[in-house]
Protein chains: 2
Amino acid sequence: MTDTIDTRYLETLLGYNTRRATLTIIGRFIERMVEFDLRPVDFSVLSLIGHNPGITARQLCHTLNILPPNMVGFLKAFEKRDLIDRSPHPTDGRSMGLTLTKKGQQLMQKAEVAAIESDASAAYPLSASEQKTLMRLLQKIYRNAA
Amino acid sequence: MTDTIDTRYLETLLGYNTRRATLTIIGRFIERMVEFDLRPVDFSVLSLIGHNPGITARQLCHTLNILPPNMVGFLKAFEKRDLIDRSPHPTDGRSMGLTLTKKGQQLMQKAEVAAIESDASAAYPLSASEQKTLMRLLQKIYRNAA
DNA sequence: TATTGTTATACTCTATAACTATA
DNA sequence: TATAGTTATAGAGTATAACAATA
């Protein structure tokens, strides 16, 4: 490994750069979430339930691009950990409305603060204005996707 | 699915935004590479071999963060497709120097052009100057990772 | 003793088919 | 007939342990 590897071509590719940055940021996030026993997908699901009480599994799947069969296990595990409640949906007998339990709320309150801290630490080489710009440009890409 | 889901908190997170943008860009890349029968990881490996003739498997693993046992199958498949050659390493009898075959060079010449086109199409909502800025900010994040 | 490449294997993540209960 | 949730299962992708050959 004394030779230097030429990665200049790959570094001209947007996909390569976004992927590397994602790995850096998510890697840090994973470490930070160990204390809450949450993986990134757990965090996203619970955060959405917290901010959208009564949301259904189907809506979670659609929003987070998770296939329904893969959501089942997540929700089961959250229920077992007493982080969520499932109540009959008011108008649709097939669905269950999902809410955070008191324990779930307390966990996510701390986890969401930690997530913001983790992000900030990953973005520390960037100024506040650069961070704002970066978010704006990233959102432009995935919102305008054809 | 008539209700709107509130994703505002998640959208304040850098990790969420980079991941969503990565999925958009890589998704497009995957489609574009179908005609070359290359997955993203195949493209990265072959591109590095092309730009670094004589590179070893270990160097590829280190550069692309791939574990050695998982590289074995990739290289076997490339050899079977007559895309790479393995020659004895000049100074280290344990290693093999990897190079692209003529066929591999021809494939990657086209694939690298297609990759740039795919990137450009994913980045079309951004001006040229915004694209340059985005790359710079992303590189700042993964290069300065603590 | 350490490193390269390899085999075998396990674990996680993601994807598909098919079923039930309800709309 | 279509949709929400579920089960079972298959396929990628990623991880660890252990080995032979070479440094």
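As a basis for the values below, the full set of heavy atoms in this structure was taken, side chains included, without hydrogen atoms, waters or symmetry mates. Naming convention: chains lettered A, B, ... in sequence-line order (proteins, then strands); numbering from 1 in each chain. Quick caveat: nothing in here was measured; it's all calculated off a predicted structure.
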Atom pair distance, as rounded to whole Å: [atom1] in [X] and [atom2] in [N]:
X	N	atom1	atom2	result
His89(A)	dA23(C)	NE2	C1'	12 Å
Leu60(A)	dA4(D)	CG	P	13 Å
Met71(A)	dT16(C)	CE	C1'	17 Å
Ile66(A)	dA4(D)	CD1	P	16 Å
Leu67(A)	dT16(C)	CG	P	7 Å
Ile30(A)	dC13(C)	CD1	P	9 Å
Asn70(B)	dA10(C)	CG	P	15 Å
Arg58(B)	dA23(D)	CZ	P	15 Å

Considering just the side-chain nitrogens and oxygens of [X], establish if one lies under 4.0 Å of OP1 or OP2 belonging to [N].
X	N	value
Lys76(A)	dT7(D)	yes
Arg39(A)	dT12(C)	no
Arg86(B)	dT6(C)	yes
Ser95(B)	dT22(D)	no
Arg94(A)	dT22(C)	no

Open item on the list: If you assign each of Gly93(B) and Val72(A) to its closest nucleotide in DNA chain D, which residue comes earlier from the 5' end?
Closed with: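 Here Val72(A) is the residue nearer the 5' end.
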
TODO: Work out which heavy atom in Ala123(A) is nearest to a heavy atom in Leu14(B); give both atom names and the distance.
DONE: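 Minimum heavy-atom contact is CB-CD2, 3.6 Å.
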
Open item on the list: If you apply the rule salt bridge (Lys or Arg N to Asp or Glu O under 4.0 Å), what do you find for Arg28(B) with Glu117(B), and how did you get there?
Closed with: CA-CA 10 Å; Arg28(B) 199 178 284 255; Glu117(B) 287 171 3; over 6 Å; no

Task: Of Val41(A) and Thr91(A), the one whose closest DNA chain C nucleotide lies more 5' - done: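 Result of the comparison: Val41(A).
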
Open item on the list: Whether the Asn17(A) and Glu11(A) side chains hold a donor-acceptor pair (N or O, under 3.5 Å, no angle test) is what I'd like checked.
Closed with: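 Note: Asn17(A) and Glu11(A) side chains miss the donor-acceptor criterion.
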
Task: No-hydrogen, no-angle side-chain donor-acceptor test under 3.5 Å, Ser95(A) and Arg58(A) - done: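 Per modelled atom types, Ser95(A) and Arg58(A) side chains form no pair under 3.5 Å.
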
Task: Which nucleotide in dT7(D), dG5(C), dA15(D) has an atom nearest any side-chain atom of Pro69(A) - done: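 Of the candidates, dT7(D) comes closest.
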
Open item on the list: So if I take every side-chain heavy atom of Asp92(B) and compare against dA4(D), dT22(D), dT6(D), which nucleotide ends up nearest?
Closed with: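 Closest of the options to the side chain of Asp92(B): dT22(D).
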
Task: Salt-bridge criterion met for Glu35(B) and Lys110(B) (N-O under 4.0 Å) - done: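 So Glu35(B) does not pair with Lys110(B) through a salt bridge.
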
